[in-house]
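Data first, discussion second: the structure below is written as structure tokens.
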There are 2 protein chains.
Amino acid sequence: MATGRQHRPATRSRGIPEATVARLPLYLRALTALSERSVPTVSSEELASAAGVNSAKLRKDFSYLGSYGTRGVGYDVEYLVYQISRELGLTQDWPVVIVGIGNLGAALANYGGFASRGFRVAALIDADPAMTGKQVAGIAVQHVDDLETIIHTGGVSIGVITTPGGAAQQVCERLVAAGVTSILNFAPTVLTVPEGVDVRKVDLSIELQILAFHEQRKAAEEMGGQVGREPGDGEQAVMPA
Amino acid sequence: MATGRQHRPATRSRGIPEATVARLPLYLRALTALSERSVPTVSSEELASAAGVNSAKLRKDFSYLGSYGTRGVGYDVEYLVYQISRELGLTQDWPVVIVGIGNLGAALANYGGFASRGFRVAALIDADPAMTGKQVAGIAVQHVDDLETIIHTGGVSIGVITTPGGAAQQVCERLVAAGVTSILNFAPTVLTVPEGVDVRKVDLSIELQILAFHEQRKAAEEMGGQVGREPGDGEQAVMPA
DNA sequence: ATGTCTTTGTGAACGCGTGCACAAAGATGG
DNA sequence: CCATCTTTGTGCACGCGTTCACAAAGACAT
């Protein structure tokens, strides 16, 4: 996923495998729900089911954090919420800037899931002068000329890019130069970043294309496994249109 | 990522590994850009660099599709665009419904990346009667009561869920019952689906939390590896910049 | 035709992630 | 205090994905 920094020891983050890190937010969400229902403890089986994973995997994941469970009983919900939050760094406040206030940028600015987990929209930035000063989600949009100042004064280290593809790399470079070291990229572009900068990519078009691939296969299987096989392989892909 | 169907043979899709499928859209995008610049052929090295991957990986990926390259020369851009498009099922038209027309749903409806790759927004659906009839991205929003009819008459097999978390599972079940077999879920919920249905999940909050984790580690390393144990563990990753 | 040079296609080794299966740990009841 | 029962924590094996490194294939010049 990430473009920068993916070729590093990877799993060396204090020994916590990347795959485990990616699941921690999932567990945290399930645990938060339990906490709101005042459930005191939960077994690996129950929690795994709520998070949509296998219980052995969950136990192994937690084992990387330490031994927080009690055999014969399960895990203390509140304690685990705290431990995972701490591990993920959610006990502190993360100011975030969103660059590119189009439909998607506005949607993100309005997204409630941010504030609830230690993230705070510190600024909205757009290149269009007509947008400057407009209120989006209760925050005034600022012009991209002020990007560096905004990053510095706000102590921002996480940036979200929701610009068109063409502008993404340039925006990325300015963000990085100003001190941002983590980027969430929604633009359909491969970002090139220096060592030490993390990039995660979310690409709607790619997700749909992957679904289409499987959808096509299912449709083909349905009508007798027509797509793939080797009746000599190659020409079978009928493709009427 | 996907919740349903992840425990199947996985790589059995006519022999194409899942990891490769996930990269094909990336290659396709890079190739399309080359095609627009009328570049006739491209080497694995160049294309890999444009797609942000390793050239050996790219060659192995393509080898699953067949031998479409010419040794000493490289790959024919147009031909490869066609082959990958066909493999991904993008030579046909995929009608898609979006359920939940809030900020995010509207943003997706307006997203240009859909139409360009064989996807067509067939309908926008929302549970709020006040939304019914409103035009979003030039399409009239329909009420969720008509969901089944819309799916059937439109021959829709791909659904995008952008509802609040609480409504997602129910919407999902209705979509599946109506015949949808691929779902792209933006709601912060683990969807449970029957065998044969593919679910892919996009979760903004999770992506940010993963970034926060790495950000915290970088900050800790900077000030002398204060966060995580073991003064004898991994101090070597100095990472000066 | 032959040799050289470029680039593909792939066999093989390695490493990460997953899941099984069980021993260790603790709770609980008599 | 002991037996039993539940549930965690983990050693181990297996499989997928990545990467290396090189032989085979073709282009191109002479």
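Order of the sequence lines sets the chain letters (A, B, ...), proteins ahead of strands, with each chain counted from 1. Heavy atoms only: backbone and side chains are in, while hydrogens, waters and symmetry mates are out. Keep in mind that what you see is a predicted model, and the values were worked out from it rather than measured.
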Q: Considering non-hydrogen atoms only, spot the tightest contact between A:Tyr111 and B:Ser205 and give its length.
A: OH-CB, 4.0 Å
Q. Do B:Arg29 and A:Ile206 come close enough that some side-chain heavy atom pair is under 4.5 Å?
A. yes
Q: Measure from NZ on A:Lys57 to P on C:dC20 and round the result to the nearest Å.
A: 10 Å
Q: For A:Phe62, enumerate each residue passing the ring-ring contact (aromatic ring centres under 6.0 Å, His included) test, keeping only those at least two apart in sequence or located in another chain.
A: A:Tyr27, A:Tyr75
(Q) Expressed as a whole number of angstroms, how long is the span from A:Leu47:CG to D:dG9:P? (A) 12 Å
Output a table of nitrogen or oxygen pairs between the protein and nucleotides 7-11 of chain C separated by less than 3.5 Å.
unit_1, atom_1, unit_2, atom_2, d
C:dT7, O4', B:Gly72, N, 3.0
C:dT8, OP1, B:Ser44, N, 2.5
C:dT8, OP2, B:Ser44, OG, 2.6
C:dT8, O2, B:Arg71, NH1, 2.9
C:dG9, OP1, B:Gly69, N, 3.0
C:dG9, OP2, B:Tyr75, OH, 2.6
C:dG9, O4', B:Arg71, NH2, 2.9
C:dG9, N7, B:Arg59, NE, 2.9
C:dG9, O6, B:Arg59, NH2, 3.1
C:dG11, O6, B:Lys60, NZ, 3.3

Q: Grab the CG-P distance between B:Asn54 and D:dG17 for me, whole Å please.
A: 16 Å
Q | Closest non-hydrogen atom pair between B:Leu26 and B:Ala51, with its separation | A | CD2-O, 3.6 Å
Q. Which pair of heavy atoms, one from A:Asp203 and one from A:Pro188, lies closest together, and at what distance?
A. OD2-CA, 3.8 Å
Ignoring hydrogens and angles, write down the donor-acceptor pairs under 3.5 Å from the side chains of residues 156-163 of chain B, residues two or more places apart or on other chains.
unit_1, atom_1, unit_2, atom_2, d
B:Thr162, OG1, B:Val99, O, 3.1
B:Thr162, OG1, B:Gly100, O, 2.5

Q | Interatomic distance, B:Asp76 CG vs D:dG26 C1' [rounded to whole Å] | A | 15 Å
